[in-house]
Amino acid sequence: MPKGKFIVLEGPDRCGKSTQAKLLVNYLLEQGKDVLLTREPGGTPTAEKIRQIVLEPKVNITPMAELLLYEASRAQHTQEKIIPALEAGKIVICERYTMSTCAYQGYGRGIDLKIIDTLNKIATLGLSPDLTLVFLMSDKYFTERGEYLFSDRLEQEDRAFRQKMREGYLEMLQCTKNSYLIDADKDISDVQFQVRQLLKRHQI
């Protein structure tokens, strides 16, 4: 069994995951912890190339092909980077993991969640997070925060898609062990306080 701790930050685009992940890494480093920050899709050279494909706005990808590309990226990432880091005793902080696939390709695209669950288990070799933090914000902030940003293929989906995805996250929070809702409407320091309190609760 892995010796380290696996923390996943989940949530829709522009909810502040990357900012909070970096703050969390700095906080843990200050405590003398050995930390690895990574992301999905991506995290390894091969997985990053897959990321470029799935997020390219001009590429036409069917929902099932999209799902399989994400799972291929996850399989490479998990085996090459996440599991070795956990076995070395590191705290791994990952932006997105299996819950995102359920939210986007399951609730958003309408692919059968049983299919996604099976593929997730194959791609992760059965690995699941020790702690999942789900950052949800009011939809108005999606537009406000993205006004001057480049939009990738997933960020160009409409409000109805984002609403289905949000409902998916809320449903999964009810049945996912050690998962917690983070109010991402609050300012950066308040959100980070919520994060640190949950780590303390889990003795990380």
Side-chain angles (χ1 to χ4, degrees), residues 1-13 15 17-18 21 36-55 61-87 90-136 152-155 157 161-182 198 202:
M1 293 294 290
K3 302 173 185 175
K5 294 290 184 181
F6 187 24
I7 303 170
V8 173
L9 279 63
E10 286 282 5
D13 297 297
C15 68
K17 291 184 305 299
S18 296
L36 171 68
L37 175 62
T38 189
R39 68 176 183 177
E40 287 210 347
T44 72
T46 299
E48 288 290 338
K49 288 185 181 297
I50 297 173
R51 179 188 180 92
Q52 292 174 7
I53 295 170
V54 295
L55 297 183
I61 305 175
T62 66
M64 186 57 70
E66 180 182 81
L67 170 61
L68 293 171
L69 284 167
Y70 275 113
E71 297 294 1
S73 173
R74 176 165 300 130
Q76 185 72 30
H77 183 216
T78 300
Q79 190 166 344
E80 181 181 341
K81 193 168 189 177
I82 297 176
I83 290 178
L86 291 172
E87 289 176 343
K90 297 178 184 288
I91 297 175
V92 176
I93 297 172
C94 188
E95 296 178 46
R96 300 195 186 284
Y97 204 54
T98 53
M99 191 182 280
S100 278
T101 307
C102 294
Y104 279 76
Q105 283 69 50
Y107 290 89
R109 300 284 191 225
I111 296 176
D112 190 332
L113 288 168
K114 291 181 180 178
I115 293 173
I116 295 175
D117 183 58
T118 297
L119 291 172
N120 277 339
K121 287 177 180 175
I122 293 170
T124 62
L125 301 178
L127 178 69
S128 59
D130 294 293
L131 183 63
T132 302
L133 307 177
V134 182
F135 297 77
L136 291 181
D152 64 38
R153 198 172 62 83
L154 272 297
E155 289 173 337
E157 293 293 341
F161 179 89
R162 294 196 299 274
Q163 183 59 34
K164 287 187 287 187
M165 187 179 60
R166 179 186 176 85
E167 290 170 0
Y169 276 121
L170 288 171
E171 284 188 24
M172 287 184 285
L173 275 162
Q174 303 303 314
C175 58
T176 303
K177 183 180 179 181
N178 295 330
S179 67
Y180 299 90
L181 175 63
I182 301 290
L198 286 167
H202 286 264

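Using a distance-only test at 3.5 Å, with no hydrogens or angles considered, a donor-acceptor pair links the side chain of Lys81 to the main chain of Gly43. A donor-acceptor pair under 3.5 Å links the side-chain atoms of Lys17 to the main chain of Pro12, judged by distance alone.
At least one side-chain heavy atom of Tyr169 sits under 4.5 Å from a side-chain heavy atom of Glu10. Looking only at side-chain heavy atoms (C-beta outward), Arg39 and Arg51 come within less than 4.5 Å of each other. Using a 4.5 Å heavy-atom threshold, the side chains of Cys102 and Glu171 count as separate. Looking at heavy atoms from C-beta onward, Asp130 lies out of side-chain contact with Asn178 at the 4.5 angstrom threshold. For the pair Ile182 and Leu198, the minimum side-chain heavy-atom distance is below 4.5 Å. With contacts defined as side-chain heavy-atom distances shorter than 4.5 Å, the pair Ile111/Pro63 qualifies. The side-chain heavy atoms of Leu127 and Leu86, taken from C-beta on, include a pair separated by under 4.5 Å. Residues Met172 and Tyr107 form a side-chain contact, since some pair of their non-hydrogen atoms from C-beta on lies under 4.5 Å apart.
Between the side chains of Tyr97 and Thr132, no donor-acceptor pair is found at a separation under 3.5 Å. Remark: the Gln52 side chain and the Glu48 side chain contain no N/O donor-acceptor pair separated by less than 3.5 Å.
One finds a salt bridge joining Glu71 and Arg74 here, because a Lys/Arg side-chain nitrogen approaches an Asp/Glu carboxylate oxygen to under 4.0 Å.
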Could you go through the side-chain hydrogen bond (donor to acceptor under 3.5 Å, both in side chains) check for Tyr104 and Arg96 one step at a time?
CA-CA 11 Å; Tyr104 279 76; Arg96 300 195 186 284; 3.1 Å; yes
